[in-house]
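Worksheet for the structure shown next.
Below, all heavy atoms of this structure are taken into account, side chains as well, without hydrogens, waters or symmetry copies. Just so we're on the same page: letters track the sequence lines, and every chain starts at 1.
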There are 2 protein chains.
Amino acid sequence: MSGTNTHVPAVLAHELPNPVPRDELAACPVNDLFRRIGDKWSMLLVIMLGKRRYRYNELHRSIEGISQRMLTRTLRDLENDGLVRREVFPTVPPSVEYSLTPLGESLLEPLSALAEWAVRNSPVTAAPRP
Amino acid sequence: MSGTNTHVPAVLAHELPNPVPRDELAACPVNDLFRRIGDKWSMLLVIMLGKRRYRYNELHRSIEGISQRMLTRTLRDLENDGLVRREVFPTVPPSVEYSLTPLGESLLEPLSALAEWAVRNSPVTAAPRP
DNA sequence: CTGTATCCGCATAGATACTG
DNA sequence: CAGTATCTATGCGGATACAG
């Protein structure tokens with residue numbers, strides 16, 4: 001137990017330069033991913049869209065507390081990141097449907113490992129911040 | 001492909017109430033975890049401490065761009081969350097060593113799944129935000 | 001119905017100076 | 001060596017009003 005951890009996953013165990021330069025930090029895939037979907041609403045949207053497709057107002061009504069601005073902005077970001085697909089149907093009134101791309105669905109799998117960890121350890125980590 | 005996603009991981013697939021109330025959202029373990037370690041420095045520290053133990057100034061020197069304030073604050077948060085252990089040795093001058101707790105080390109495993117996903121898909125997700 | 005535009009409060013994070 | 005204290009800047013996120 002003392003000293004080096006022997007079961008660190010390969011991806012995380014690769015040598016880090018010393019000092020860790022800013023570019024290396026910004027380029028860290030995990031850190032980068034977290035900075036993209038680690039905001040207030042992205043996770044919830046990915047999980048919801050992982051269940052089924054939604055229309056815009058359906059999402060707006062379904063998520064208590066989200067503003068139009070934040071819903072639109074978060075969906076646009078997820079779309080730009082290739083995780084969410086936006087389909088416009090030129091009806092009157094117009095309707096827009098959101099769903100996960102294959103990339104977005106593939107994210108659900110590693111996410112579940114993290115989710116299961118979080119659920120298992122939520123009693124431990126649920127302590128309020130001082 | 002149309003309609004319901006059939007291979008959503010169990011933890012993520014459980015029924016979401018509609019509308020999703022704020023408390024439910026705040027209590028979402030994954031969202032909660034992301035809000036705790038999804039900040040600018042937490043991930044990097046967990047990964048670094050996953051390799052070996054570090055002293056305070058060692059971390060400060062090793063991570064280019066981090067301020068003392070942020071390093072201390074991030075370490076304290078991780079300690080409060082039970083992920084990092086802080087050991088003080090009353091020498092002169094004093095020395096403090098940081099390492100992962102068993103809980104922190106257990107987090108490295110699900111993290112690696114996410115890391116591998118991020119690495120595999122970094123070419124796709126690396127596009128700059130507009 | 002599906003958004004955009006604008007304004008504003010608050011939390012996050014950096015810089016700097018100082019301390020046991 | 002290992003931090004605190006204080007000040008400030010920036011950006012996220014919410015409220016509201018308006019538009020195609």
Side-chain angles (χ1 to χ4, degrees), chain A residues 19-22 25-26 31-32 34-45 48-49 53-81 84-99 128-130, chain B residues 19-22 25-26 31-32 34-45 48-49 53-81 84-99 128-130:
Chain A
V20 181
R22 296 187 189 197
L25 171 63
N31 205 63
D32 191 49
F34 269 58
R35 297 195 75 77
R36 282 164 183 270
I37 66 172
D39 65 318
K40 190 169 184 178
W41 303 107
S42 293
M43 282 295 317
L44 181 63
L45 283 174
M48 289 186 69
L49 294 176
R53 6 174 83 230
Y54 278 87
R55 293 180 56 179
Y56 179 85
N57 262 9
E58 209 176 0
L59 287 170
H60 191 215
R61 281 191 307 270
S62 297
I63 305 175
E64 190 175 315
I66 196 171
S67 64
Q68 281 189 323
R69 173 181 142 81
M70 277 303 106
L71 178 55
T72 302
R73 197 168 137 22
T74 306
L75 286 169
R76 289 288 193 282
D77 285 346
L78 291 174
E79 190 190 2
N80 286 329
D81 292 343
V84 161
R85 173 175 38 237
R86 176 176 180 267
E87 288 172 286
V88 183
F89 301 96
T91 56
V92 280
S95 77
V96 179
E97 288 191 3
Y98 292 93
S99 55
R129 293 275 179 87
Chain B
V20 181
R22 298 187 189 197
L25 171 63
N31 204 62
D32 190 48
F34 269 59
R35 297 195 74 78
R36 281 164 184 271
I37 66 172
D39 66 317
K40 191 167 183 179
W41 304 108
S42 294
M43 281 296 318
L44 181 64
L45 284 174
M48 289 185 69
L49 294 177
R53 321 162 54 85
Y54 277 86
R55 294 179 55 178
Y56 179 86
N57 263 6
E58 208 175 3
L59 287 169
H60 192 215
R61 282 191 306 271
S62 298
I63 304 175
E64 190 175 314
I66 196 171
S67 64
Q68 281 189 324
R69 173 180 144 79
M70 277 303 104
L71 178 56
T72 302
R73 198 168 141 22
T74 306
L75 286 169
R76 288 288 193 280
D77 285 348
L78 291 173
E79 189 190 2
N80 286 330
D81 291 343
V84 161
R85 172 174 40 237
R86 175 175 181 270
E87 289 173 286
V88 183
F89 302 96
T91 56
V92 279
S95 78
V96 179
E97 289 191 2
Y98 292 93
S99 55
R129 294 270 179 92

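Distance from the side chain of A:Lys40 is smallest to D:dG14 among D:dA2, C:dT2, D:dG14. Side-chain proximity of A:Ser67 to the nucleotides D:dC12, D:dA2, D:dG14 is greatest for D:dG14. Relative to the side chain of B:Arg61, the nucleotides C:dT2, D:dC1, C:dG14 differ in distance, and D:dC1 lies closest. Looking at the side chain of B:Asp39, the nearest of the listed nucleotides D:dG13, C:dT2, C:dA13 is C:dA13. Taking every side-chain heavy atom of A:Met70 into account, D:dG13 is the closest of D:dG13, C:dC1, C:dT12. Closest to the B:Trp41 side chain, of the nucleotides C:dG14, C:dT2, D:dG14, is C:dG14. Considering only side-chain atoms of B:Arg86, the nucleotide from D:dA17, D:dA2, D:dC1 that sits closest is D:dA2. Nearest nucleotide to the side chain of B:Thr72, out of C:dT2, D:dG3, D:dA2: D:dG3.
Rounded to an integer number of Å, the gap from CG of A:Asn57 to P of D:dG20 is 18 Å. When rounded to the nearest whole Å, the span between CD of A:Glu97 and P of C:dC1 equals 14 Å. Atom pair B:Leu45:CG and C:dA13:P shows a separation of 12 Å (rounding to whole Å applied). Residue A:Ile63 contributes atom CD1, which lies 11 Å from atom P of D:dG14 at whole-angstrom precision. Straight-line distance from the CD atom of A:Gln68 to the C1' atom of C:dT6: 14 Å, rounded to whole Å. Atom pair A:Asn31:CG and C:dA13:C1' shows a separation of 14 Å (rounding to whole Å applied). Distance B:Glu79 CD to D:dG3 C1': 13 Å, rounded to the nearest Å. In this structure, A:Leu75 places its CG atom 8 Å from P of C:dG3, rounding to the nearest Å.
Applying the side-chain hydrogen bond (donor to acceptor under 3.5 Å, both in side chains) test between B:Glu97 and each of B:Arg53, B:Arg55, B:Arg86 identifies B:Arg53 as the sole match.
Between D:dC1 and B:Tyr54, no contact under 4.0 Å exists linking OP1 or OP2 to a side-chain N or O. When the side-chain nitrogen and oxygen atoms of B:Arg55 are compared with OP1 and OP2 of D:dA2, one or more of them lie within a distance under 4.0 Å. An OP1 or OP2 oxygen of D:dT4 is reached within less than 4.0 angstrom by a side-chain nitrogen or oxygen of B:Arg76. The phosphate of C:dT12 has neither OP1 nor OP2 within less than 4.0 Å of any side-chain N or O from A:Arg35.
Smallest separation of non-hydrogen atoms from B:Met70 and B:Ile66: CB-CG1, 4.1 Å. Here the closest heavy-atom approach between residue A:His60 and residue A:Ser67 is recorded as NE2-C, 4.2 Å.
Across the interface with DNA chain C, nearest-nucleotide mapping of B:Pro94 and A:Pro94 shows A:Pro94 to be the residue nearer the 5′ end.
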- request: I would like to know whether A:Ser99 and A:Glu87 meet side chain to side chain contact (heavy atoms under 4.5 Å, CB included); could you show each step before the answer?
  value: CA-CA 8 Å; A:Ser99 55; A:Glu87 288 172 286; 4.2 Å; yes

- request: Give the intermediate values and the outcome of side chain to side chain contact (heavy atoms under 4.5 Å, CB included) for residues B:Tyr98 and B:Leu78.
  value: CA-CA 10 Å; B:Tyr98 292 93; B:Leu78 291 173; over 6 Å; no

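Among the atoms of the strands shown, only primed sugar atoms or phosphate atoms (P, OP1, OP2) are found under 4.0 Å from some heavy atom of A:Tyr98.
Side-chain N/O atoms of B:Arg69 and base N/O atoms of D:dG3 include no donor-acceptor pair closer than 3.5 Å.
Considering only heavy atoms from C-beta on, B:Leu49 comes within 4.5 Å of B:Tyr54 through its side chain.
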